[in-house]
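Written out below as structure tokens is the structure these notes cover.
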Amino acid sequence: MKTLRDAPVGATVKVAKLHGEGATKRRIMDMGVTKGVEIYVRKVAPLGDPVEVTVRGYELSVRKEDAQMIEVE
């Protein structure tokens with residue numbers, strides 16, 4: 001299972017599945033990260049947290065705990 005946290009800088013990945021449950025999963029979906037959407041990894045902070053991505057035409061910073069819940073292909 002490859003997650004958004006494992007994706008290298010400069011890669012464009014496609015969301016395969018969202019893990020997690022309840023409010024956390026709902027918050028990720030409310031940010032526009034849903035199954036099938038493409039995500040471009042722009043930057044990763046020096047310590048790996050947060051990850052800056054472009055999704056649906058806007059920039060978004062995602063914590064590494066949340067990025068680990070996003071399975072990509």
Does a side-chain N-to-carboxylate-O contact under 4.0 Å join Glu38 and Lys14?
-> no
Would you mind checking if Asp30 and Arg27 are paired as a salt bridge, meaning a charged N to carboxylate O distance below 4.0 Å?
-> no
List the atom of Gly32, the atom of Val55, and the distance in Å for their closest heavy-atom pair.
-> O-CG2, 3.9 Å
Between [atom1] on residue [X] and [atom2] on residue [Y], distance to nearest 0.5 Å:
| X | Y | atom1 | atom2 | value |
| --- | --- | --- | --- | --- |
| Thr54 | Arg42 | OG1 | CZ | 4.5 Å |
| Lys25 | Asp66 | NZ | CG | 13.5 Å |
| Glu71 | Lys17 | CD | NZ | 6.5 Å |

Please assess Arg56 against Thr34 for the test side chain to side chain contact (heavy atoms under 4.5 Å, CB included), listing each intermediate value before the final yes or no.
-> CA-CA 10 Å; Arg56 297 183 190 260; Thr34 55; 2.7 Å; yes
Test log, rule side chain to side chain contact (heavy atoms under 4.5 Å, CB included), inputs Leu60 and Glu52 | CA-CA 6 Å; Leu60 176 68; Glu52 187 175 307; over 6 Å; no
So among Thr3, Val51, Ile28, which one has a side-chain contact (heavy atoms from CB on, under 4.5 Å) with Ile70?
->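 Between Ile70 and the candidates, side-chain contact (heavy atoms from CB on, under 4.5 Å) is satisfied uniquely by Ile28.
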Exactly one candidate in Lys64, Met69, Glu65 meets side-chain contact (heavy atoms from CB on, under 4.5 Å) with Arg5; the answer is Lys64
Please lay out, stage by stage, how Leu4 and Ile39 fare under the test side chain to side chain contact (heavy atoms under 4.5 Å, CB included).
-> CA-CA 9 Å; Leu4 182 58; Ile39 298 176; 4.1 Å; yes
Give a yes or no on whether Val37 and Tyr40 share a hydrophobic cluster (residues Ile, Leu, Val, Met, Phe, Trp, Tyr; joining criterion: side-chain heavy atoms under 4.5 Å apart).
-> no
Passes side chain to side chain contact (heavy atoms under 4.5 Å, CB included), Thr12 versus Val41? Steps please.
-> CA-CA 6 Å; Thr12 300; Val41 182; over 6 Å; no
